[in-house]
*Asks:* 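Have a look at the structure that comes next, please.
The figures that follow rest on heavy atoms only: side chains count, while hydrogens, waters and symmetry mates do not. Each chain gets a letter, A, B and so on, in the order the sequences are listed, and its residues count up from 1. Remember, it's a predicted structure, so these values are computed and weren't measured experimentally.
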Amino acid sequence: MEQGRKAIAILTVEDQIVDLNLGEGTGKVKKYLSFGDEKGREIYWHSTSHIMAQAVKRLFPEARLAIGPAIEEGFYYDFDLPETLSEEDLSKIEEEMRRIIQADIPFERLEVSKEEAEKIFGERGETYKLEILRELEEGVVSLYRQGEFIDLCRGPHLPSTGYVGAFKLLSVSGAYWRGKESNPMLQRIYGISFESEEELKRYLERIEEAKKRDHRRLGKELDLFSLHEEGPGFPFFHPKGMVVVNTLLDLWRKEHMKRGYQEIRTPIILEKSLWERSGHWEHYRENMYFTKIDEREFAIKPMNCPGGILVFQSRLRSYRELPLRLAELGVVHRHELSGVLHGLMRVRCFTQDDAHIYMEPKHIKSEIIGVIDLAGFFYRLFNFEYEIELSTRPEKSLGSDEMWEIATRALQEALEEIGLPYRVNEGEGAFYGPKIDFHLRDCLGRRWQCGTIQLDFAMPEKFDLSYIGEDGAKHRPVMLHRTVLGSIERFLGILIEHFAGALPLWLAPVQVVILPVAERHMPYAREVGDILLQKGIRVEWNEEKATLGAKIRKAELEKVPYLLIIGDREVEGKTISVRKRKEGDLGSFGMGTFLEKIQKEIEEKVAV
RNA sequence: GCCGGUGUAGCUCAGCUGGUAGAGCAGCUGACUUGUAAUCAGCAGGUCGUCCGUUCGAGUCGGAUCACCGGCUCCA
């Protein structure tokens, strides 16, 4: 247990987590848990959600309880309420919660038969609890009671409500019962709690700080991209944003060529019949845009695979070509629901760093491992932490059970062999095959899918793909769809937030700004900058009639990695004065030394 | 798409209970020629998201709509 923290629950020798009063004196205490432990925090937040629910029931007796778990940061509780909650209601609920905490009501664990529990919740009109109860297998269930409030809950909980030191309700939003769109929409209240006001204050400040890293804000401040009402979900890239994208893509191309990929490009608009054949018309229609040209129906591509397949089929393929890795920076359009658009992270038009690998079954594992390694190369380059998920067959899918079985196992084996931890998402795969996804986090800790590896036995079947084998006969290739960055737009968003806009030197849109102290220093400033420019360094001059301090401030706000100050001393000594972003004055350098220094830094792609 | 919120100058925001808009920063012009995060002064800039309605009169009230923000669902 962390020092200075109160014990709130107990981890037993059987690795069970139990209430403090139930574990004590049993001789089975392995460890006391506190707010400092992840599990302890979960209990703390979960208990706070019960306190909130109690307060809501007091203020709105007609509210029906749904569920109220702890989440990564804080907790929520879902209610079915006739009236809609406003921000003002939140402070009323907070007030009531304060009263409950003040009263220091004990959390009591009750174990009752399922029938008894049904009776209790039936009397209270808690229809959602009854629904949950009906699905429980156990004959005996646990309830937790604090005062007049009672909830179906596995527990454990804090000893009493008074344990909660500081809390805040953060927002109200809608949420479907059990996450299903067809179910009624409930009202969800989010909140967080801590042991002290101090910690709560620090948390809220951290959130405020994180918001300053928001790529939508930085994108505007740094003049990288913009979004307009005229094109919801269709981002516009500005000159500086394009420098970042193109620099990233230079490396992307270099790395892909090194790993045996060839680049192709396919059209954005293709005839509807192609999409009917691929299965997109059947499975993905609601996300697609359509148009008519000369009386023929066309679709704007939501994915690159059907177009890529036409390239594969453009001539007879030999086994000697396999695995054939065809990469495409494909621009796709998808009609996403209006409510989900989010800066560059979730858009309706984006560039996938796609590739399709056509191969023999024996190549599957090594190709998957190759892609995982390539993804790791890019993520490690920026010190990104990433999470891997394996998604299996969804309800709406094509292909045989056997195909799915083989494909899923291949992905699993590759993951096992590489030895990276991963999570399994049952039923979350693409309609044509199972997949491995790579998730990165934004400034507020929200996870975004970037890289993906999708094995596909279905598409080769549908398009009757074949290659001539060693035996001279036709064989069916296996296909792998994959992205590494995912969407260039989303990846840029993640990059901006990860570095808080201060992109590493090699990616920075402007790498060096030259600041003459006075107008008379301009000629030498130009001379110095031209030398850098000729060496491929991205240079700008600040020729404004402003003080040096003001020019420095401006460049620092633009997050330019290096500032060169040129005054009398520099002109005289044929030197430059170097100031590094965030670090300040590095002193005087000769041009040669400085050039060498930054060229090395660019070459090494240092991510700071 | 659904739930809740927001929408005033390029940006950040003010504008009380309805009487046709204001600040700081940015921009432009001028003066200052400046040594490591903001020199001073002046000027210019808005059909208050859009449409409809209530009213003698609407940024302010009502409705619709669009976009954005936070969630749900979905996904790269």
*Asks:* Is R334(A) close enough to C74(B) that one of its side-chain N or O atoms is under 4.0 Å from OP1 or OP2 there?
*Replies:*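 No.
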*Asks:* Please report, rounded to the nearest Å, how far the P atom of U34(B) is from the NE2 atom of H521(A).
*Replies:*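 Checked: the NE2 to P distance equals 8 Å.
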*Asks:* Just call it for E558(A): base, sugar-phosphate, or nothing, with non-hydrogen atoms closer than 4.0 Å on any strand.
*Replies:*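 Nothing, no heavy atom under 4.0 Å.
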*Asks:* Closest-nucleotide mapping onto RNA chain B: is K435(A) or D585(A) further toward the 5' terminus? I mean the 5' end.
*Replies:*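 On the 5' side of the pair lies D585(A).
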*Asks:* Per the atom types in the model, does the base of G1(B) pair as donor or acceptor with the side chain of E286(A) at under 3.5 Å?
*Replies:*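 Between G1(B) and E286(A), which were checked side chain against base, a qualifying N/O pair under 3.5 Å is absent.
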*Asks:* What distance, rounded to whole Å, do you find between the two C1' atoms, one in A9(B) and one in G59(B)?
*Replies:*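 My reading of the C1' atoms in A9(B) and G59(B) gives 14 Å.
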*Asks:* How would you label the contact of D354(A) with the nucleic acid (heavy atoms, under 4.0 Å): base, sugar-phosphate, or nothing?
*Replies:*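 The answer is nothing, as D354(A) stays clear of every strand by at least 4.0 Å.
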*Asks:* When rounded to the nearest Å, what value does the distance between C1' atoms of U65(B) and G42(B) take?
*Replies:*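 Approximately 43 Å lies between the C1' atom of U65(B) and that of G42(B).
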*Asks:* So does R348(A) reach the base of C75(B) with its side chain, donor to acceptor, closer than 3.5 Å?
*Replies:*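 For R348(A), whose side chain was compared with the base of C75(B), there is no donor-acceptor pair (under 3.5 Å).
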*Asks:* Look at K211(A) and C69(B) and indicate whether a side-chain polar atom (N or O) is within less than 4.0 Å of OP1 or OP2.
*Replies:*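 Looking at the OP1 and OP2 atoms of C69(B), neither is under 4.0 Å from any side-chain N or O of K211(A).
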*Asks:* Counting side-chain heavy atoms from CB outward, which of G71(B), C75(B), U36(B) is closest to R490(A)?
*Replies:*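 Among the listed nucleotides, the one closest to the side chain of R490(A) is C75(B).
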*Asks:* Quick check on C75(B): is either OP1 or OP2 less than 4.0 Å from any side-chain nitrogen or oxygen of R447(A)?
*Replies:*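 No, because none of the side-chain N or O atoms of R447(A) sits under 4.0 Å from OP1 or OP2 of C75(B).
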*Asks:* Please pick, from U36(B), C72(B), A76(B), the nucleotide with the shortest atom-to-atom distance to any side-chain atom of I552(A).
*Replies:*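 Out of U36(B), C72(B), A76(B), the nucleotide with an atom closest to I552(A)'s side chain is U36(B).
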*Asks:* Indicate yes or no: does E135(A) engage R178(A) in a salt bridge with an N to O separation below 4.0 Å.
*Replies:*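 Counted as a salt bridge, because a side-chain N and a carboxylate O are separated by less than 4.0 Å.
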*Asks:* Please confirm whether the shortest side-chain N or O distance from K220(A) to OP1 or OP2 of C11(B) is below 4.0 Å.
*Replies:*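 Yes, such a contact exists.
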*Asks:* If you check every side-chain atom of E336(A), which of U39(B), C68(B), A76(B) has the closest atom?
*Replies:*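 Looking only at side-chain atoms, E336(A) lies closest to A76(B).
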*Asks:* Under the criterion of centre distance below 5.5 Å and interplanar angle below 30°, is F350(A) classified as stacked on the base of A76(B)?
*Replies:*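 Stacked: centres under 5.5 Å apart, planes under 30°.
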*Asks:* Across the strands shown, which category fits R216(A) at heavy-atom distances under 4.0 angstrom: base, sugar-phosphate, nothing?
*Replies:*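 Result for R216(A) = sugar-phosphate.
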*Asks:* NA contact type, Y190(A), heavy-atom cut-off 4.0 Å: base, sugar-phosphate, or nothing?
*Replies:*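 Result for Y190(A) = sugar-phosphate.
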*Asks:* Under 4.0 angstrom, heavy atoms only, what part of the nucleic acid is L186(A) near: base, sugar-phosphate, or nothing?
*Replies:*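 Contact class for L186(A): none.
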*Asks:* Quick check for you: among U73(B), C32(B), G35(B), whose closest atom lies nearest to any side-chain atom of K545(A)?
*Replies:*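 Among the listed nucleotides, the one closest to the side chain of K545(A) is C32(B).
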*Asks:* Could you point out which residue of E328(A), E489(A), R490(A) forms a side-chain hydrogen bond (donor to acceptor under 3.5 Å, both in side chains) with T351(A)?
*Replies:*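 Running side-chain hydrogen bond (donor to acceptor under 3.5 Å, both in side chains) over E328(A), E489(A), R490(A) with T351(A) returns exactly one hit, E489(A).
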*Asks:* Indicate, with a heavy-atom threshold strictly under 4.0 Å, whether S338(A) touches base, sugar-phosphate, or nothing.
*Replies:*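 Base, at least one base atom sits under 4.0 Å.
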*Asks:* Any side-chain N or O of R569(A) below 4.0 angstrom from OP1/OP2 of G35(B)?
*Replies:*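 Answer is no, no contact under 4.0 Å.
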*Asks:* Write down the distance separating the C1' atoms in C56(B) and A41(B), rounded off to the nearest Å.
*Replies:*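 Their C1' atoms lie roughly 44 Å apart.
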*Asks:* Regarding R526(A) and E543(A), does a basic nitrogen lie under 4.0 Å from an acidic carboxylate oxygen?
*Replies:*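 Yes.
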*Asks:* Would you call R447(A) and E389(A) a salt bridge, taking side-chain N to carboxylate O under 4.0 Å as the test?
*Replies:*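 A salt bridge links R447(A) with E389(A).
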*Asks:* Can you check the distance between C74(B) and U17(B), where both ends of the measurement are the P atom (answer in whole Å)?
*Replies:*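 Approximately 43 Å lies between the P atom of C74(B) and that of U17(B).
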*Asks:* Taking atom types as they are modelled, would you say the side chain of E556(A) forms a donor-acceptor pair with the base of A37(B) within the 3.5 Å cutoff?
*Replies:*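 Indeed there is one.
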*Asks:* Does this structure show an ion pair linking R581(A) with E601(A), if we count only N-O contacts that are shorter than 4.0 Å?
*Replies:*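 No, no charged N to carboxylate O under 4.0 Å.
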*Asks:* May I ask you to say whether R253(A) pairs ionically with E263(A), meaning some side-chain N is under 4.0 Å from a carboxylate O?
*Replies:*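 Counted as a salt bridge, because a side-chain N and a carboxylate O are separated by less than 4.0 Å.
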*Asks:* Is the distance from OP1 or OP2 of G70(B) to the nearest side-chain N or O of H342(A) less than 4.0 Å?
*Replies:*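 For G70(B), OP1/OP2 do have a side-chain N/O of H342(A) under 4.0 Å.
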*Asks:* Is Q352(A) touching bases, backbone alone, or none of the nucleic acid, heavy atoms closer than 4.0 Å?
*Replies:*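 Sugar-phosphate, no base atom in range.
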*Asks:* Specify the residue among L227(A) and T452(A) whose closest nucleotide of RNA chain B lies further upstream toward the 5′ end.
*Replies:*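 Nearest nucleotide further toward 5': that of L227(A).
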*Asks:* Choosing from G35(B), C68(B), G1(B), which nucleotide comes nearest the side chain of V340(A)?
*Replies:*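 That would be G1(B).
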*Asks:* I'd like the C1' distance from U12(B) over to C16(B), given in whole Å.
*Replies:*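 Taking atom C1' in both C16(B) and U12(B), they lie 22 Å apart.
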*Asks:* Can you find a donor-acceptor N/O pair under 3.5 angstrom joining the side chain of Y176(A) to the base of G71(B)?
*Replies:*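 Between G71(B) and Y176(A), which were checked side chain against base, a qualifying N/O pair under 3.5 Å is absent.
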*Asks:* Counting only side-chain heavy atoms from C-beta out, which of G4(B), G7(B), C2(B) sits nearest to E229(A)?
*Replies:*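 So the side chain of E229(A) is nearest to G7(B).
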*Asks:* Could a donor-acceptor pair under 3.5 angstrom be found where the side chain of R188(A) meets the base of C72(B)?
*Replies:*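 For R188(A), whose side chain was compared with the base of C72(B), there is no donor-acceptor pair (under 3.5 Å).
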*Asks:* Taking the six-membered ring of Y76(A) as reference, does the NZ or CZ atom of R188(A) fall below 6.0 Å from its centre and within a 45° cone about the axis?
*Replies:*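 Judged by the rule, R188(A) and Y76(A) form a cation-pi pair.
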*Asks:* Roughly how far apart, to the nearest Å, are G15(B) and U6(B) at atom P?
*Replies:*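 14 Å, rounded to whole Å.
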*Asks:* Quick one: do K92(A) and E95(A) make a salt bridge, cutoff under 4.0 Å?
*Replies:*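 Judged by the 4.0 Å cut-off on N to carboxylate O distance, K92(A) and E95(A) do not form a salt bridge.
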*Asks:* Consider the side chain of M185(A), meaning its heavy atoms from C-beta on, and name the nucleotide among A67(B), C2(B), A76(B) that approaches it most closely.
*Replies:*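 Closest nucleotide to the M185(A) side chain: C2(B).
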*Asks:* Checking contacts here: which listed nucleotide (C72(B), C68(B), U36(B)) is nearest the side-chain heavy atoms of S577(A)?
*Replies:*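 In terms of side-chain proximity for S577(A), the closest of C72(B), C68(B), U36(B) is U36(B).
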*Asks:* Which nucleotide sits closest to the side chain of A550(A): U36(B), U39(B), U34(B)?
*Replies:*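 Minimum distance to the A550(A) side chain belongs to U39(B).
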*Asks:* At 4.0 Å (heavy atoms only), tell me whether G179(A) reaches a base, stays on the sugar-phosphate, or touches nothing.
*Replies:*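 Here G179(A) touches the backbone only, sparing every base.
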*Asks:* Using the C1' atoms only, state how far G4(B) lies from A44(B), rounded to an integer number of Å.
*Replies:*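 Comparing C1' positions in A44(B) and G4(B) gives a spacing of 40 Å.
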*Asks:* Using a distance-only criterion (donor-acceptor N/O pair, under 3.5 Å, no hydrogens), is the base of U33(B) paired with the side chain of T547(A)?
*Replies:*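 It does not, because no donor-acceptor pair links the side chain of T547(A) to the base of U33(B) below 3.5 Å.
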*Asks:* Against the six-membered ring of F377(A), is R259(A) placed for a cation-pi contact (under 6.0 Å from the centre, within 45° of the normal)?
*Replies:*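 Yes, cation above the ring, under 6.0 Å and within 45°.
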*Asks:* Could you tell me whether H228(A) contacts a base, only the sugar-phosphate backbone, or nothing, with contacts defined as non-hydrogen atoms closer than 4.0 Å?
*Replies:*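 No contact.
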*Asks:* What contact category does R446(A) fall into here, base, sugar-phosphate, or nothing, at under 4.0 angstrom with non-hydrogen atoms?
*Replies:*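 Sugar-phosphate: the residue R446(A), judged by heavy atoms under 4.0 Å, touches backbone atoms but no base.
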*Asks:* If you measure from the C1' atom in C11(B) to the same atom in C68(B), how many Å do you get, rounded?
*Replies:*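 Result for the C1' pair: 16 Å, nearest Å.
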